[in-house]
Structure formats: C-alpha cells, structure tokens
There are 2 protein chains.
Amino acid sequence: MPKSKICIRKICFSVETVKRLSLYLRDLRKLAKKKIQFISSNKITQLLNISPAQFRKDLSYFGEFGKRGVGYEVEKLIKKLEEILGINKEWRIAVVGVGRLGSALLRFEGFSKFNIKIKTAFDIDKKKIGKVINGIKIEDVGNLERVIKKEKIKLSLICTPPQVAQDITNRLVSAGIRGILNFAPVALKVANNVFISNVDMACELEQLIFLLNNER
Amino acid sequence: MPKSKICIRKICFSVETVKRLSLYLRDLRKLAKKKIQFISSNKITQLLNISPAQFRKDLSYFGEFGKRGVGYEVEKLIKKLEEILGINKEWRIAVVGVGRLGSALLRFEGFSKFNIKIKTAFDIDKKKIGKVINGIKIEDVGNLERVIKKEKIKLSLICTPPQVAQDITNRLVSAGIRGILNFAPVALKVANNVFISNVDMACELEQLIFLLNNER
DNA sequence: TGGCATTTGTTCCTATTTTCACAAAGTATA
DNA sequence: TATACTTTGTGAAAATAGGAACAAATGCCA
C-alpha cells in the first residue's frame, strides 16, 4: 500500500511529519515551562533523536516560523503548531468499551491538556451502564448512533474486544464518526474518508522481542 | 536520524518489516481458527491493507515459506513466524508504575497468549506495594534493580509519570533491561544496544485531529 | 559600519522502501 | 502428456523519505 500522503494546497508531506509535529509540540511545552524563550532546531532535536534538518523541513511545509541567526520563539511556535494540528479548539470524543483499558482512558488526565474532552462512553454490560466515571456517564451501546449524532462527535476510541470492533466501527461511521483510535488488535476496514490510527501493544512488544532475539 | 535497520547475515530489512510480521501472524492465527489450511499472499493482504508483493518480500528476508501455485500453509507459516519473531519461547517482563494504565496492563490477558508473562510490577506508592493484581505482586520500586537482576528480566513496560520515566529507564538499563515499551509521553535516552518502542496516545490522537481538520 | 558567528529555509543528492513485473514452479484438467 | 491457470520469489524500477550543504538573514561586538 502507498504510505498515506497528505496534500494541502499543492504541498505534500507524510503522516510521519504530522506525528513529529506532535513530538515537537510536546517538547516545546516543556521548554516554555522552563521559561526558555528561544530554541534552535539543533537544540530541540537533540532531545528527540531527530535531525535538525528534519525539524526545519517539517515546519517548512506550513510556513516560516523561525528567525535566522536566532532560532524559534518557543511560545509563538507552540501557538502555530497547535493551530496547524487543529488542537487550538476543543475536540469531543467518544469511548466505546469500558473494560480495563477503556476505564483507564476515561480517567486519563492527559487528554484534557490537549483540548480533547471525552464526552461519552458506551458499553454493553448492564452493570456498567448508567455509572459515571470521572464525570462521564456510561451509555448503553444500543444508543450509540443516537448519542453520537446528537452530540455531533467526530472522533472515537475503540477499546472493545476484537470480535466486535468491526461492527462497532461500522456503526460509528454510519453515525458520523470520521476518526478512530483503535486499541483492538484487528485491522479495521473503513471507507477512505475515515481515518484510523492503531495502537497495538502486542505488535510493539513482538517487535522488541524480535530485536532482543536477533542481536549481533 | 537514520531509520533503524536490521541486518542478519548480510540480509537487511527495516523494523517496519518486523511490525508487519506481527500483523501477518495475527491474521494467520485467525485463519487457523477458521480451519483454513492454505492462503495466498493476495487473500491475506486484502484483510490488512498491505500489498501482496510487500507480504512476499517481507517473508523473503527470512526464507521461502510458500508453494508456487498454491500459497502458504497457514499452520506452518504461523510456526515459522513465531520462530522468526522469537515468541516460541516465554518472555518474562516487568511493569513499572501501577497507575490506571499499569494496572489495566497487569490484568490484560492479551499478553499470555503470545508467550509474554508479566513477572513483576513496581510502584512507589506504599499503599500499592505488597498488593497482588492478577497474581502479580507489586514490589517497592526501591527494589527494582535487585528484583530485575535476580529474575533476569530483559523487557519492561514503563507506565510511570513522564517526569520520572528517564530515571526509571536508567535504572532498568543498569539492571540489565534491554527492551522497553514506553507509555510515558517523553523521548527516552538510552545507549544504542537498548531498544525502545513508544506508545503515545496523545500523538496518535493529534494526528487524527490534524487529518480531520485538513480534509479536502 | 564591517566583519564574524549563528541559524534558518531550501535545494539537491542519497538512501531506503515499496511496487512492478516476470520467470520459475506448482496445480488441474482433459 | 500437454495446456491453461495460479502463485511464489525476486531483480529492477519507481516512489518516498532523509540529510548534507549552502545562500540568505539576523545578531553581536569591536
């Protein structure tokens, strides 16, 4: 399959670029906390295992944000990156499947920092439905379409068992969901106007095991 | 930075190949469950969004496993892939940080299926130390080096807050850990004989948000 | 002001990854 | 056995990503 390529106004770049923007943003926020005002591409990438040229090139797809001889103004670049990534406004998301992982995510405080608000959660288990975790009410998965549509939610996390993940995906998409972060170990099929990102812990671990197993 | 490349006996391939092998294995297991005996590169990759040529080339780095005109014997290929990945023997791992995510992982049943056994967990919280979750006793993080060495554990998950992740990493490595699956949102620095794999939910979500925000 | 030191933005080149395309090998059928 | 299909394994080509290197800006200091 061709690596997914993103083109905006004749400028094309890969999703890898976008992922790196997130990393840059994370480190810039740390720098801002330390009251550092300016940073060069050299210094910021030392922390990240990315080449300075890569950093500059990634940014160049979106404009010119630095000052020659000086570097980048930390606060300004943070603002710009938040704008580019689209996290300068609030995003409301849903979580489907409130098992171990799902409930850990409902309580995860990392999201709100990035303007991501879990608005609703769904489960099939009658014992869980109606409960409130971290201010989020667990809804009957039977009401999935209705709630998603009503709340106009466009992003969802899937934390269900793999057997039902595709069915849930179909229902989410038909209700208007356009982006899915999938934790179920299964390759989901969707129309190509829906974006999927997979978090697959078994794959990551197997990769590490392979590396350890094949040293030298 | 150069993409990490793996070379075994003059044959070189990328980590991406290894990740795909995991995906192939997962789907092959599903096929085996359905009692399907043979599968062609064409059919198996239809499920996965990967090209048939890619599948064949990925396998070709490790040998010839198919039969022309027929395809691949499912059971045999599963065995081969398990061997290649190194998951035909048991891997004992540690978990550092038993917060929401850490404790979800301690209870996660997906690991044991792949010969991955969580052997020990560490936390700093006195209230958690000594507790047993899913048969795994939570140890004082002060004993980290001692336990890791005694148990000869080579792989660890890090589920701590980001501020302490680098310190924990240093201690793990000095105790003999060679592979780390990092859930903390921070870029860890290690010697290049230690392998790191990052699971970064915020990055994944930000990527989806970017895509939704820049359609058309 | 002029010269030196930095650092960006970008072009061009190199390395890597993916795909194409086809010979070789196997199956099925008459 | 001959012929028509399938499907693999792989070298070569195409596509993509990464990095070196340098002109253009900017700051600093004498």
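Numbers restart at 1 for each chain; the letters A, B, ... are given by sequence-line order, proteins then strands.
Comparing A:Gly63 and B:Arg56 by the nucleotide of DNA chain C whose heavy atom lies nearest to each, the residue mapping closer to the 5' end is A:Gly63. Residue-to-nucleotide proximity on DNA chain D shows that, of A:Lys67 and A:Phe13, the 5′-proximal contact is made by A:Phe13.
A salt bridge is absent between B:Lys35 and B:Glu75; no separation between the charged side-chain nitrogens and carboxylate oxygens falls under 4.0 Å.
Paired with A:Tyr72 under the rule side chain to side chain contact (heavy atoms under 4.5 Å, CB included), one option of A:Leu28, A:Leu31, A:Leu59, A:Ile44 passes, and it is A:Leu59.
Separating the CD atom of B:Glu73 from the C1' atom of C:dT27 is a distance of 16 Å, rounded to the nearest angstrom. Atom pair B:Ile6:CD1 and C:dT16:P shows a separation of 13 Å (rounding to whole Å applied). Atom NZ of A:Lys19 and atom C1' of D:dA17 are 15 Å apart (whole Å). Atom CG in A:Leu59 sits roughly 10 Å away from atom C1' in C:dT8 (whole-Å rounding). Taking atom CZ on B:Arg20 and atom C1' on C:dT19, their separation rounds to 12 Å, with Å as the unit. Atom-to-atom, NZ of B:Lys5 to P of C:dT17 comes out at 8 Å; the value is rounded to the nearest Å. B:Tyr24 has its OH atom 12 Å from the P atom of D:dT8, to the nearest Å. If you measure from atom CZ of B:Phe38 to atom P of C:dA28, you get 10 Å, rounded to the nearest angstrom.
Proximity of B:Ser51 to the phosphate of C:dT19: a side-chain N or O atom is located under 4.0 Å from OP1 or OP2. The phosphate of C:dT16 (OP1 or OP2) has no side-chain N or O of B:Ser14 nearer than 4.0 angstrom. OP1 or OP2 of C:dT8 sits under 4.0 Å from a side-chain N or O of A:Ser41. In this structure, B:Gln54 does not reach the C:dT17 phosphate: none of its side-chain N or O atoms is under 4.0 Å from OP1 or OP2. Regarding contacts with the backbone of C:dT6, every side-chain N or O of A:Tyr72 stays at 4.0 angstrom or more from both OP1 and OP2.
The base of D:dT8 lies close enough to the side chain of B:Arg68 for a donor and an acceptor atom to sit less than 3.5 Å apart. Under 3.5 Å, the side chain of A:Lys57 and the base of C:dT10 form no donor-acceptor pair of N or O atoms.
Between B:Lys43 and B:Phe38, every side-chain heavy-atom pair lies at or beyond the 4.5 Å cut-off.
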**Item:** side-chain contact (heavy atoms from CB on, under 4.5 Å) between A:Phe13 and A:Ile8, worked out
**Value:** CA-CA 9 Å; A:Phe13 48 91; A:Ile8 300 173; 4.0 Å; yes
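For A:Leu212, the CG atom counts as densely surrounded, since its 6.0 Å shell holds more than 12 non-hydrogen atoms of other residues, nucleotides or ligands.
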